[in-house]
Protein chains: 2
Amino acid sequence: MTGQRAYHHGDLRRAVLTAALDVIGSDGPAALSLRDLARRAGVSHAAPAHHFKDRTGLLTAIAAEGFDLLAATLADADGLRDAGVRYVRFAREHPAHFQVMFRPDLHRPEDPALQEARLRAGDRLREAVTAAVDTGDPRLAGVAAWSLAHGFATLLLTHNLTGPVGDRDPEDVFRALTGMLFGS
Amino acid sequence: MTGQRAYHHGDLRRAVLTAALDVIGSDGPAALSLRDLARRAGVSHAAPAHHFKDRTGLLTAIAAEGFDLLAATLADADGLRDAGVRYVRFAREHPAHFQVMFRPDLHRPEDPALQEARLRAGDRLREAVTAAVDTGDPRLAGVAAWSLAHGFATLLLTHNLTGPVGDRDPEDVFRALTGMLFGS
DNA sequence: CGCCCAATCTAGGCATTGACAAGTCGGTGT
DNA sequence: ACACCGACTTGTCAATGCCTAGATTGGGCG
């Protein structure tokens, strides 16, 4: 995945990715500039293009990495509720990835790495759902679970839950929320 | 709200807004260019700036308009479930507004018009929740309802529900979903 | 050991953009 | 008639994305 040989810089690909995640995390994807990333890495302004082709390519790589990380997190989930909690935790721990992953206008949807990673994450999600739901439509249940976790995570990242959540740990709030809905 | 006097153009403010919504709806906010909007409206490249100050100002105005539209839609809701359905419908009918509304990095959060509109929409949401929920924590119920509707709408707009939803009317799917969760 | 080659990075240039400053134009009120 | 003011134009500058050509380096192969 990161198998780029080191050279002048060492591992420019990783360095640019890390810097990009930093910028996106604090100022959003709109503030991303390839030339700025090059400056941060101490290389010439066109060096990043060699690894990512262009700006869209960089964002696509970030999205793919995000789906991979998410898939790995969900794979270890213990039950559907834990999967949801992990989904929320992922969004908080990797806000930059999360923001880019669900913005199709920012990446190249036909990218193979992105497609595979997205499918992997989707499979993990479906596994968690089918293992937990015994009655009714599992497809619908999947949409419900995903919508709930995704909506909560998104509203959290966009500072729309500062009132209701307050000082409490967001993961606890989410747990309380699922408890209320699914009664357990 | 749109009280700009007509002049050379007629109503440049509205024309730029409409063109911007068009661009965002098809290519996302990243594709937005003030100069392109000026070209579409047939005015000079700096004319839009007179109405919106800068790019961020334009996006802020769009977000404020979006929260106003959402508040108006929610005000007519008949019950909590209908409010959710209306939320999803709003996202589908005004995708450009919806995309911009929940992207804090794209607007000026301290803008008074935006803050007021956001509060209005929040009030409508809280009304719908408190009117429907008689037991338990209404605050938590509000977060649950909002998360569910927002997540569903977001995933829908980002083409992440094409599989489960398929050809069915998304609003029907959402109704089925709430029926499953809240049992009715 | 030495040569070639490909991957990596540099340097320069071009079109486009956002933002700013100054000026022009047209209607309105006095 | 005249001053004023908002709407718009023109010109300019720095920054950016992307393209092309060239330089550097390290490893493979004879």
Side-chain angles (χ1 to χ4, degrees), chain A residues 1-20 22-24 26-63 100 103 105-108 111 113, chain B residues 1-24 26-63 100 103 105-108 110-111 113:
Chain A
M1 218 55 69
T2 66
Q4 302 300 319
R5 207 90 48 80
Y7 187 53
H8 279 158
H9 177 275
D11 191 352
L12 182 57
R13 181 185 163 90
R14 191 64 249 170
V16 169
L17 276 174
T18 306
D22 190 38
V23 171
I24 296 173
S26 37
D27 297 334
L32 200 72
S33 148
L34 288 183
R35 290 172 108 106
D36 177 48
L37 298 178
R39 250 172 267 134
R40 290 175 183 239
V43 295
S44 85
H45 61 114
H50 190 269
H51 292 274
F52 301 103
K53 160 84 175 159
D54 55 16
R55 217 183 94 106
T56 305
L58 169 59
L59 290 165
T60 301
I62 291 177
V100 175
R103 213 158 296 182
D105 57 306
L106 294 186
H107 24 87
R108 241 181 292 276
D111 183 89
Chain B
M1 220 57 69
T2 65
Q4 302 302 319
R5 205 91 49 79
Y7 188 54
H8 280 158
H9 177 275
D11 191 351
L12 182 58
R13 181 184 163 89
R14 191 65 248 170
V16 169
L17 276 174
T18 306
L21 292 171
D22 190 37
V23 171
I24 296 173
S26 36
D27 297 334
L32 200 72
S33 149
L34 287 182
R35 291 174 107 105
D36 177 48
L37 298 178
R39 250 171 266 134
R40 291 176 183 236
V43 294
S44 84
H45 61 113
H50 190 268
H51 292 274
F52 302 103
K53 159 86 175 156
D54 56 14
R55 217 183 92 107
T56 305
L58 169 59
L59 291 165
T60 302
I62 291 177
V100 175
R103 213 158 295 183
D105 57 305
L106 294 186
H107 23 90
R108 241 180 292 276
E110 73 276 11
D111 183 89

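The model shown is predicted, which means the values in this text are computed figures rather than measured ones. Throughout, a chain's letter reflects where its sequence line sits, starting with A, and its residues are numbered from 1.
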For the student: nearest non-hydrogen atoms of Pro29(A) and Asp105(B), plus distance = CD-OD2, 3.7 Å
ask   = Taking only side-chain nitrogens and oxygens of His51(A), does any of them come within less than 4.0 Å of OP1 or OP2 of dC9(C)?
value = yes
query = Does any N or O in the side chain of Thr56(A) come within less than 3.5 Å of the main-chain N or O of Arg108(A), such that one atom is a donor and the other an acceptor?
reply = no
Approximate separation, where rounding is to 0.5 Å, of Leu37(A) CG and Leu32(A) CG = 5.0 Å
key: Under 3.5 Å donor-acceptor, Arg103(A) side chain and Gly28(B) backbone   = no
ask   = When the distance from CZ of Phe52(A) to P of dC9(C) is rounded to whole Å, what number comes out?
value = 11 Å
message = What's the closest nucleotide to the side chain of Arg39(B) if the choices are dT10(C), dC8(D), dT17(C)?
response = dT17(C)
query = When all nucleic acid strands are considered with a 4.0 Å heavy-atom cut-off, which category describes Leu37(A): base, sugar-phosphate, or nothing?
reply = nothing
query = Is there a donor-acceptor pair under 3.5 Å between the side chain of His50(B) and the backbone N or O of Ala46(B)?
reply = no
message = Distance check needed: dC8(D) C1' versus Asp11(B) CG, whole Å only.
response = 14 Å
message = Taking any heavy-atom pair under 4.0 Å as a contact, classify Leu32(A): base, sugar-phosphate, or nothing.
response = sugar-phosphate
key: Residue pair His51(A) / Val16(A), side-chain heavy-atom distance below 4.5 Å   = no
message = On the nucleotide dT16(D), are OP1 or OP2 found under 4.0 Å from the side-chain N or O atoms that Ser33(A) carries?
response = yes
task = Send over the distance from His50(B) NE2 to dC20(C) P, rounded to a whole Å.
result = 14 Å
task = Measure the distance from CG on Leu59(A) to P on dG17(D) and round it to the nearest whole Å.
result = 11 Å
Using the 3.5 Å cut-off, write out each protein N or O paired with an N or O of nucleotides 18-21 of chain D and the distance between them.
from, atom 1, to, atom 2, distance (Å)
dC18(D), OP2, Arg55(A), N, 3.0
dC18(D), N4, Arg35(A), NH1, 3.0

